[in-house]
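Single-structure report; data block below.
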2 protein chains.
Amino acid sequence: MLTIGNLAKRTGTKVQTIRYYEQVGLMPEPGRTDGGQRRYGDAELDRLSFIRHARQLGFSLDAIRELLDLSDHPARSCEEADAIARRQLKQVKQRMARLELLRVELERMIEECSGGQAADCRVLEVLRDHAECLTDHEGIGT
Amino acid sequence: MLTIGNLAKRTGTKVQTIRYYEQVGLMPEPGRTDGGQRRYGDAELDRLSFIRHARQLGFSLDAIRELLDLSDHPARSCEEADAIARRQLKQVKQRMARLELLRVELERMIEECSGGQAADCRVLEVLRDHAECLTDHEGIGT
DNA sequence: CTAAAACCTCGAGCCACTGGAGGTTCAACC
DNA sequence: GGTTGAACCTCCAGTGGCTCGAGGTTTTAG
Ligand SMILES: [Zn+2]
Ligand SMILES: [Zn+2]
Ligand SMILES: [Zn+2]
Ligand SMILES: [Zn+2]
């Protein structure tokens, strides 16, 4: 029987995160001691490892919920699992493509700035005027 | 004089976002009509365009605050602006590197799955056991 | 003058955690 | 068996960067 702290250590998770997963229904409510502390068994260790691994691969908690559900029903078709993974891959590729555009623009403006006063800063100039950019950047951020 | 709606249209921003920027001190408190509605001039148009463009390039609102400050003080050195841009570039590169690792793992597990039952799904197998992965993925998500 | 489009404020919700306050339980040691 | 201190508990708030909705007011075109 594992305490929540030991489960956390074994899976590289924070204690609060485990309680959060329980709260949102990703982890089951575990058994408790007479004093009310959580105690976990091997099934929960496996489940949390699965969740953490899927998170590291970028899956959302909603996606993980579905994946766990499929993993719990071995007789079902794996079509859905594959579809989730393909969606995830597509998203990753899209993000990479957008980041690549950002990289190019950032590198260019940094390279072109020769220092001095803010008035002549190439970085600030480009930010003030998108016409200085080579590419469009639809969407924001990431 | 621009209404908030027109300013929004011209910059590709949502009205609520403009109000949010005002709330967090990125946009100044504009003039108001007698009835209390916001009215903007060209300075605000420029400022919001700057903010939006910087957001498209992935800068955080905090970074943008500093960049705006420098842009407002042309006599200052541009060292700091360049440093902010370099930090941003570094972050972009790091994210791309991490996404590339995810891409490889996702592609591999999708390719190796030959369909059928969830019991034999390669996607689920890999999620259950990180030993099936080729790379480590420190950090989570993105 | 009326109708409807656009504006206003305030509050909550999103994702996936993370941190803290204030209190209780457990385990090890003497 | 008692003491200590680490680990646990619940509940609440905050993060970033918006986004939406309710319920009400102002503006503007016809
Ligand atoms: Zn510069
Ligand atoms: Zn641009
Ligand atoms: Zn499969
Ligand atoms: Zn792995």
Side-chain angles (χ1 to χ4, degrees), chain A residues 1-27 29-40 44 48 50-68 88 91 95 98 137-142, chain B residues 1-27 29-40 44 48 50-68 88 91 95 98 137-142:
Chain A
M1 282 292 157
L2 288 163
T3 64
I4 197 171
N6 286 336
L7 181 62
K9 249 175 230 154
R10 291 247 220 144
T11 55
T13 316
K14 302 213 172 186
V15 166
Q16 297 106 304
T17 304
I18 299 176
R19 289 198 281 247
Y20 170 73
Y21 288 158
E22 183 183 328
Q23 204 183 303
V24 299
L26 265 183
M27 289 291 288
E29 289 189 31
R32 302 262 185 162
T33 63
D34 290 349
Q37 297 195 357
R38 290 167 178 83
R39 289 295 181 270
Y40 295 94
E44 283 97 343
L48 184 54
F50 185 108
I51 294 170
R52 286 270 107 186
H53 196 210
R55 285 294 295 136
Q56 288 181 327
L57 288 164
F59 290 94
S60 72
L61 295 191
D62 271 353
I64 293 171
R65 231 183 293 273
E66 291 197 69
L67 291 166
L68 278 168
Q88 177 63 17
Q91 224 186 61
R95 281 204 196 147
R98 273 198 275 151
H137 5 257
E138 55 190 47
I140 227 132
T142 350
Chain B
M1 282 294 155
L2 290 164
T3 64
I4 197 170
N6 286 337
L7 180 62
K9 251 175 231 154
R10 290 246 220 146
T11 55
T13 316
K14 302 212 170 187
V15 166
Q16 297 105 305
T17 305
I18 299 176
R19 289 199 280 248
Y20 171 73
Y21 287 159
E22 183 184 329
Q23 204 184 304
V24 299
L26 265 183
M27 287 292 286
E29 290 190 30
R32 301 262 186 163
T33 62
D34 290 349
Q37 297 196 357
R38 292 168 177 83
R39 289 295 181 269
Y40 296 94
E44 283 97 343
L48 184 54
F50 186 108
I51 294 170
R52 286 270 106 187
H53 195 209
R55 286 293 297 136
Q56 288 181 327
L57 288 163
F59 290 95
S60 72
L61 296 191
D62 271 354
I64 293 171
R65 232 184 293 275
E66 291 197 67
L67 291 166
L68 279 167
Q88 177 63 17
Q91 225 186 59
R95 280 204 198 145
R98 272 198 275 150
H137 6 255
E138 55 190 46
I140 225 132
T142 351

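Chain A is the first sequence line, chain B the second, and so forth, proteins listed ahead of strands; every chain is numbered from 1.
Listed by first and then second residue, the salt bridge (Lys or Arg N to Asp or Glu O under 4.0 Å) pairs that reach into residues 59-68 of chain B are B:Asp62-B:Arg65, sequence neighbours excluded. Within the structure, every pair that satisfies the side chain to side chain donor-acceptor pair (under 3.5 Å) test and touches residues 29-40 of chain B, not counting sequence neighbours, is listed here: B:Glu22-B:Arg38.
Taking A:Thr13 as the reference, A:Thr11, A:Thr17, A:Ile18, A:Leu48, A:Arg52 meet the side chain to side chain contact (heavy atoms under 4.5 Å, CB included) condition, with sequence neighbours excluded. Remark: A:Gln56 engages A:His53, B:His137, B:Ile140 in a side chain to side chain contact (heavy atoms under 4.5 Å, CB included) (not counting sequence neighbours). Residues that satisfy the side-chain hydrogen bond (donor to acceptor under 3.5 Å, both in side chains) test with B:Thr3, not counting sequence neighbours, are B:Asn6.
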Using a 4.0 Å cut-off on protein heavy atoms (strictly under), produce a 5'-to-3' string for nucleotides 15-30 of chain D with B for base contact, S for backbone-only sugar-phosphate contact, and - for none. --BBBB-----BS---

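When DNA chain C is scanned 5' to 3' for any atom under 4.0 Å from a heavy atom of chain B, the first and last hits are C:dC7 to C:dT9.
Residues A:Gly5 and A:Val15 come closest through the heavy atom pair CA-CG2, 4.0 Å.
Taken to the nearest 0.5 Å, the CG atom of B:Leu61 stands 5.5 Å off from the OH atom of B:Tyr21.
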